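Lettering follows sequence order; numbering is per chain, from 1. None of the values given here were measured: they were computed from a predicted structure.
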Number of protein chains: 2
Amino acid sequence: MIDPTADRAVFRQLADLLRDQIASGELAPGDPLPSELRLAQEYGLSRTSVRQAIAILRAEGLINVERPRGTFVRPAEAAETVALRRGDVVSARMPTEAERRSLHMAEGVPVLVVQSADGDQAVHPADRVRLARS
Amino acid sequence: MIDPTADRAVFRQLADLLRDQIASGELAPGDPLPSELRLAQEYGLSRTSVRQAIAILRAEGLINVERPRGTFVRPAEAAETVALRRGDVVSARMPTEAERRSLHMAEGVPVLVVQSADGDQAVHPADRVRLARS
DNA sequence: ACTGATTTGTACGTATGTATC
DNA sequence: CGATACATACGTACAAATCAG
């Protein structure tokens, strides 16, 4: 399961394991992950290592942590489609803290930045917006 | 400077402080951050708290950690422009571990996903690619 | 070639706080 | 009110890679 003597750090191994369970659907959107304490006991790790594994999945945008209710597989958001206009240039980056708060964004979600020809700039949460070139 | 009695966690306060220094240019691209030990001593924090602050900036894509050389303000990558075609739909998300390795991507960098009308899908590192609608 | 210092990474432990149930 | 679960913050120890001398 998890091999403390392996080259890969144990918290990375745990993150891999949980990521695989999410990817395979064994852990479906909305499902709770086992609590940190349960995971620590089950795999024989410290709670610190479990939290490092969880932190990886948070940064990847795979889970939501609702303190202190638990940790859940993130469900897909309903995405609105925004039309691109002539001369628009699209980029993506992680939001600043301020942007995350003001746009009510979850962790591990990038922003799409649309720079229009006239110099205006729009910033969209990438989990709720997709861009279409008509 | 950092207030242990404040509502905001000390490691978040330190992250704010460093983020501001990067945003203002006081820490310029390529500049090294003080070592974890130096930061811990300077601000009277444990190394654990310093590492949590650093982790935030890593997830935001603001710094590169080169072990054991040090931690540096991330310089901007040279970005190639890719043209969008009729019917393309653009989204962004964090890469999987496998994608990050195969595309040689730094931490805290999203991918741009271009779904073309014929069903093909292209995945681009968001720090090296921008998309243009002609 | 080697040695020691520096720096980040991993992994453990403890204690306490806070919000939910 | 107690149990549960995540958050914060401290500490220790050792590993691994780089660099200076």
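Ranked by how close their nearest DNA chain C nucleotide is to the 5' end, A:V50 and B:I54 are led by B:I54. Projected onto DNA chain D by closest heavy-atom contact, B:T48 and A:R67 fall at different nucleotides, the more 5' of which corresponds to A:R67.
Here D:dA9 presents its P atom at 7 Å from CD of B:Q52, a figure rounded to the nearest Å. Atom CD in B:Q41 sits about 14 Å away from atom P in D:dC10, given to the nearest Å. Atom-to-atom, CG of A:L37 to C1' of D:dA7 comes out at 15 Å; the value is rounded to the nearest Å. Taking atom CD on A:E36 and atom C1' on D:dA7, their separation rounds to 9 Å, with Å as the unit. Distance A:F11 CZ to C:dC12 P: 11 Å, rounded to the nearest Å. Going from atom CD of A:E66 over to atom C1' of D:dT4 covers 15 Å, rounded to whole Å. Put simply, CG on B:D7 is 12 Å from P on D:dT8, counting in whole angstrom units. The separation between B:D3 atom CG and D:dA9 atom P is 11 Å, rounded to whole Å.
Which of C:dA11, D:dC19, C:dT8 sits closest to the side chain of B:T71 comes down to C:dT8. When distances run from any side-chain atom of A:S49 to the nucleotides C:dA11, D:dT8, D:dC10, the shortest one goes to C:dA11. For A:S46, counting side-chain heavy atoms from C-beta on, the closest listed nucleotide (D:dT8, C:dA11, D:dC6) is C:dA11. Residue B:R12 places its side chain closer to D:dT8 than to any other of C:dG13, D:dC10, D:dT8. Among C:dG9, D:dC19, D:dC6, the nucleotide with an atom closest to any side-chain atom of A:S35 is D:dC6. Candidate nucleotides D:dA7, D:dT8, C:dG9 were compared by shortest atom distance to the side chain of B:R51, and C:dG9 ranks first. When distances run from any side-chain atom of B:R47 to the nucleotides C:dT7, C:dG9, D:dT8, the shortest one goes to C:dG9. Looking at the side chain of B:L45, the nearest of the listed nucleotides C:dT7, D:dA7, D:dC10 is D:dC10.
A:R38 comes within 4.0 angstrom of nothing in the nucleic acid, heavy atoms only. At the heavy-atom level, A:R8 lies nowhere under 4.0 Å from the strands shown.
In this structure, A:D20 contributes its side chain and A:L17 its backbone to no donor-acceptor pair below 3.5 Å. Panel note: side chain A:E99, backbone A:T96; a donor-acceptor pair is recorded below 3.5 Å. Side-chain N or O atoms of A:Q13 include one that pairs as donor or acceptor with a backbone N or O of A:D3 at under 3.5 Å.
A salt bridge is defined here as a Lys NZ or Arg NE, NH1 or NH2 lying under 4.0 Å from an Asp or Glu carboxylate O, and B:R58 with B:E107 meets this definition.
At the phosphate of D:dC6, neither OP1 nor OP2 sits under 4.0 Å from any side-chain N or O atom of A:R69.
Checked against A:V123 for a side-chain contact (heavy atoms from CB on, under 4.5 Å), the options A:L112, A:V111, A:V129 give a single hit: A:V111.
Using modelled atom types and a 3.5 Å distance limit, the side chains of B:R130 and B:T81 yield a donor-acceptor pair.
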